[in-house]
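To find a chain, count down the sequence lines: A is the first, B the second, and so on, and within it residues start at 1.
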Amino acid sequence: MSIQFYNTISRRKEAFKVIDQNKVRMYTCGPTVYDFAHIGNYRTFMFEDLLRRYLEFRGYEVVQAMNLTDVDDNTIRRSRERGISLTELTDEFKAAFHADLKTLNIQPAHLYPEATRFVAEMIQMVQNLQDQGYAYQTEDGSVYFNIAKYGQYGKLAHLNPDEMVSGERVTEDSYEKEGARDFALWKGYKAEDGDVHWESPWGKGRPGWHIECSVMSTELLGKHFDIHCGGVDNIFPHHENELAQSVCATGEEFVNYWLHSEYLLVDNKKMSKSLNNFYTLRDLLEQGYPAEAIRWMLITTHYRQKLNFSVGRLEESQKAVNRLREFRNKLTKYVGNGSDDASDRIRIARDQFTVAMDDDLNISGGLAAIFELVRWGNRSMDQGELSVEGAKSIIITIERFDHVLGVLDMDSGLDHQVDEAFIEEKIAQRKAARANKDFAAGDTIRDELAALGIELIDTPDGTKWKAG
RNA sequence: GGCGUGGUGCCCAAGUUGGUCUAAGGGAGUGGUUUGCAAAACCAUCAUUCGCCGGUUCGAAUCCGACCCACGCCUCCA
């Protein structure tokens, strides 16, 4: 069986076939760098990370490009509000974004094209569309895409252009469009744009909302590539418009598989800036929730399923991660002399994992496969049936699975802010007390540290501690 | 108004091209083993039931019809 992906454009699962042998080219819509991204945004980037990691697990070579939108209404407005240049603003949030990706253990894309570096190519594409009659210029120096010239408009979002209800924003728009649904390819300069403008055949202005992705994806990945992802809110209008522009500009197929991730919810409402119900990664780390718990929570609900955020889920997530980590630790130290090399169970787990994940990244099924191996392995170690070689094989298997999950070795991202020397001293005192069978004194020290949020864990290798 | 998604145990959640579902997996709970204590681990237990009603069928969580509830898109948004 091949991998199946749910393709937004056909609204069904399709067998995944790569254009160029073993090399998958994917374009993933990145952030607009005018503010910190919230974890709803990261849900999508996390999904894209899972997708890429799984393709790699299955032996594909993946080339991923993620755009950074560093010029648009939001970035311009915010930089003016703060009285700094556009570049100063976007540099700040590009850095924050990369830092967050690192914290969340999201593999860096191979390419991070930035809109402002592709303006010349965007102008070319707009000109191309105009030359072919797909676009027209208005008196204010803007250029619009004429959707009436493109018969497939609405194919991705499954919207009929004739039935689309005009939103307020459209009717209030001061630009002079011929058709209400036509969208801007190039926006003529307005005073609110300040010093953000480029010279073009239509005069001073800046790129429209969607042209950057058409240009950067086709420039970097070729006119026709495999996968294009984003959140479901990108389906319309962003990806619909991008598709129209690209197909009309290149005259070729654009994208084979459109994959979109669902929203992260808070109290059953979409997490968004406007509802003010969002959490940033930084918020959660400050509240003491480790990055691996956040990663686990975001990655372990199927990407096309709405996910309701709660701190309770973060706590559950942490425990699941711990269970995997403890399992690996236990395997590492295992010294039993059983004869079971675990090869049967490993094969079952790999097959079960692959079958599940091949089915449109069915992560729940994949996790079931992993945890069944965990339970079997623990039992086998407890009963001394596992061989040391078997333990090693299971470790290798778990680490292969973790290439997809990416949680075993990630850093919590928390600032510990505790006096380690003090804690070590207390642990030493407690050890001495316990050696004298003075358990009351030992427990007093345990309680003291617990009051400071430090939990002590006795292991065969000595006492460890963690900050809760 | 148009288009669409989802309702499964205490919580999260897979299964939804009908039988192998006497319904995975994670978390919580309960009883036990182990541990000076704690943690971890292991064993056992935890839905005659899949939003509601009706239908098709030898057989339905899975198919059909009606209904209820929640959410989303049609406007910048991951």
Side-chain angles (χ1 to χ4, degrees), chain A residues 11 13 28-32 37-48 72-74 77 154 157-173 181 209 229-238 240 260-265 268-274 278 296-297 300-308 310 312-313 315-327 329-330 352 356 359 362-372 374-375 377-383 434 437-440 442-443 446-447 450 455-460 463-466:
Chain A
R11 288 191 181 176
K13 286 180 193 171
T28 54
C29 270
T32 301
H38 59 63
I39 58 165
N41 302 131
Y42 284 119
R43 182 182 189 197
T44 294
F45 305 136
M46 198 71 87
F47 146 65
E48 292 158 351
D72 79 323
D73 294 353
N74 288 321
R77 194 187 63 246
H158 301 271
L159 291 169
N160 180 345
D162 300 330
E163 292 170 357
M164 282 164 60
V165 177
S166 264
E168 289 174 29
R169 197 178 175 105
V170 175
T171 51
E172 282 175 4
D173 202 314
R181 332 287 173 229
W209 297 294
C229 310
V232 289
D233 43 358
N234 280 154
I235 296 171
F236 192 88
H238 184 58
E240 188 69 55
H260 293 96
S261 63
E262 256 296 348
Y263 290 128
L264 182 66
L265 311 177
N268 286 311
K269 304 281 184 206
K270 172 180 172 180
M271 180 178 288
S272 70
K273 299 245 154 122
S274 55
F278 62 92
W296 186 271
M297 181 193 75
T300 56
T301 292
H302 185 82
Y303 75 94
R304 285 190 290 111
Q305 191 77 36
K306 292 173 185 68
L307 195 180
N308 215 351
S310 73
R313 283 182 83 131
E315 284 157 14
E316 283 182 21
S317 297
Q318 181 62 242
K319 286 173 185 165
V321 173
N322 288 346
R323 180 144 192 234
L324 275 187
R325 288 179 170 178
E326 306 270 1
F327 180 56
N329 288 341
K330 203 168 161 183
Q352 197 184 329
D359 182 12
N362 182 347
I363 188 78
S364 298
L367 293 176
I370 294 173
F371 282 109
E372 278 168 18
V374 170
R375 178 152 22 84
N378 277 322
R379 198 185 304 139
S380 183
M381 281 189 280
D382 275 15
Q383 296 173 356
R434 292 171 75 216
K437 302 275 182 200
D438 185 357
F439 294 119
D443 288 347
R446 174 191 284 289
D447 293 343
E455 189 184 350
L456 296 185
I457 302 156
D458 293 327
T459 75
T463 300
K464 293 179 177 167
W465 61 274
K466 68 177 182 185

J.: Can a donor-acceptor pair under 3.5 Å be found between the side-chain atoms of A:Arg43 and the base atoms of B:A78?
T.: no

J.: Give a yes/no on whether any side-chain N or O of A:Tyr263 is located under 4.0 angstrom from OP1 or OP2 of B:C73.
T.: yes

J.: Assess whether one donor atom and one acceptor atom, taken from the side chain of A:Arg313 and the base of B:C11, lie less than 3.5 Å apart.
T.: no

J.: How far apart are the closest heavy atoms of A:His38 and A:Lys273, and which atoms are they?
T.: CD2-CE, 3.9 Å

J.: Under 4.0 Å between a side-chain N/O of A:Arg323 and OP1 or OP2 of B:G26, yes or no?
T.: yes

J.: Should A:Lys273 be listed as having a side-chain N or O under 4.0 Å from OP1 or OP2 of B:C76?
T.: no

J.: Kindly point out which of B:C3, B:A70, B:C73 is positioned nearest to the side chain of A:Arg11?
T.: B:C3

J.: Could you tell me whether the side chain of A:Phe327 reaches within less than 4.5 Å of the side chain of A:Asn378, counting heavy atoms only?
T.: yes

J.: Under 4.0 Å: is that the gap between some side-chain N or O of A:Arg434 and OP1 or OP2 of B:C37?
T.: no

J.: Taking only N and O in the side chain of A:Asn362, is any of them less than 4.0 Å away from OP1 or OP2 of B:G15?
T.: yes

J.: When all nucleic acid strands are considered with a 4.0 Å heavy-atom cut-off, which category describes A:Leu264: base, sugar-phosphate, or nothing?
T.: base

J.: Below the 4.0 Å mark, does B:G25 have OP1 or OP2 next to a side-chain nitrogen or oxygen of A:Gln352?
T.: no

J.: On the side chain of A:Lys269, is there an atom forming a donor-acceptor pair with the base of B:C71 - under 3.5 Å, no angle test?
T.: no

J.: Under 4.0 Å between any heavy atoms, over every strand shown, what does A:Lys330 touch: base, sugar-phosphate, or nothing? Just pick one.
T.: sugar-phosphate

J.: Just the rounded figure in Å: distance from C1' of B:G32 to CG of A:Asp382.
T.: 15 Å

J.: Respond yes when some side-chain nitrogen or oxygen of A:Lys319 is under 4.0 Å from OP1 or OP2 of B:A28, and no when none is.
T.: yes

J.: Quick one: does A:Asp233 reach the base of B:G72 with a side-chain donor-acceptor pair under 3.5 Å?
T.: no

J.: Over all strands shown, is A:Gln383 touching base, sugar-phosphate only, or nothing at heavy-atom distances under 4.0 angstrom?
T.: nothing

J.: Going by modelled atom types, is there a donor-acceptor pair between the base of B:G26 and the side chain of A:Glu316 at under 3.5 Å?
T.: yes

J.: Are the side chains of A:Arg313 and A:Thr301 in touch, meaning some heavy atoms are under 4.5 Å apart?
T.: yes

J.: With respect to the side chain of A:Asn74, which nucleotide from B:C76, B:C74, B:A38 is positioned closest?
T.: B:C76

J.: Report the distance from atom CH2 of A:Trp296 to atom C1' of B:G27, rounded to the nearest whole Å.
T.: 12 Å

J.: Find the distance A:Asp458:CG to B:C37:C1' and express it as a whole number of Å.
T.: 9 Å

J.: If you look at every strand shown and take non-hydrogen atoms under 4.0 Å, does A:His260 touch a base, only sugar-phosphate, or nothing?
T.: nothing

J.: Who does B:C53 pair with, Watson-Crick or G-U, both distances under 3.5 Å?
T.: B:G65

J.: Which heavy atom in A:Gly365 sits nearest to a heavy atom in A:Ala356, and how many Å separate them?
T.: C-CB, 3.6 Å

J.: Just call it for A:Gly230: base, sugar-phosphate, or nothing, with non-hydrogen atoms closer than 4.0 Å on any strand.
T.: sugar-phosphate

J.: Would you please determine if the base of B:G36 is stacked by A:Phe439, with stacking meaning a centroid separation under 5.5 angstrom and planes under 30 degrees?
T.: yes

J.: Under 4.0 Å between any heavy atoms, over every strand shown, what does A:Met381 touch: base, sugar-phosphate, or nothing? Just pick one.
T.: nothing

J.: I need the single residue from A:Leu367, A:Asn329, A:Ile370 that forms a side-chain contact (heavy atoms from CB on, under 4.5 Å) with A:Leu324. Which is it?
T.: A:Ile370

J.: Counting the atoms with a prime plus P, OP1 and OP2 as sugar-phosphate, which does A:Pro237 contact under 4.0 Å by heavy atoms, base, sugar-phosphate, or nothing?
T.: sugar-phosphate

J.: For A:Glu315, report the nucleic acid contact type (base, sugar-phosphate, nothing); a contact means any heavy atom under 4.0 Å.
T.: nothing

J.: Expressed in whole Å, how much space separates the P atoms belonging to B:C68 and B:G31?
T.: 45 Å

J.: Scan A:Asn234 against the nucleic acid and name what it touches under 4.0 Å (heavy atoms): base, sugar-phosphate only, or nothing.
T.: sugar-phosphate

J.: Counting only Watson-Crick or G-U wobble pairs whose two distances fall under 3.5 Å, which nucleotide matches B:C10?
T.: B:G27

J.: Under 4.0 Å, heavy atoms only, any strand: does A:Arg375 hit a base, just the sugar-phosphate, or nothing?
T.: sugar-phosphate

J.: Which base sits across from B:U17 as a Watson-Crick or G-U pair, both distances under 3.5 Å?
T.: none

J.: Partner lookup for B:U35, please. Criteria are Watson-Crick or G-U wobble with both distances under 3.5 angstrom; report none if nothing qualifies.
T.: none

J.: For A:Ser261 and A:Phe47, which heavy atoms make the closest approach, and how far apart are they?
T.: CB-CD2, 3.5 Å

J.: I'd like to know if the side chain of A:Arg325 pairs up with that of A:Asn322 as donor and acceptor (distance under 3.5 Å, no hydrogens or angles considered).
T.: no

J.: For B:G72, give its Watson-Crick or G-U wobble partner with both distances under 3.5 Å, or none.
T.: B:C3

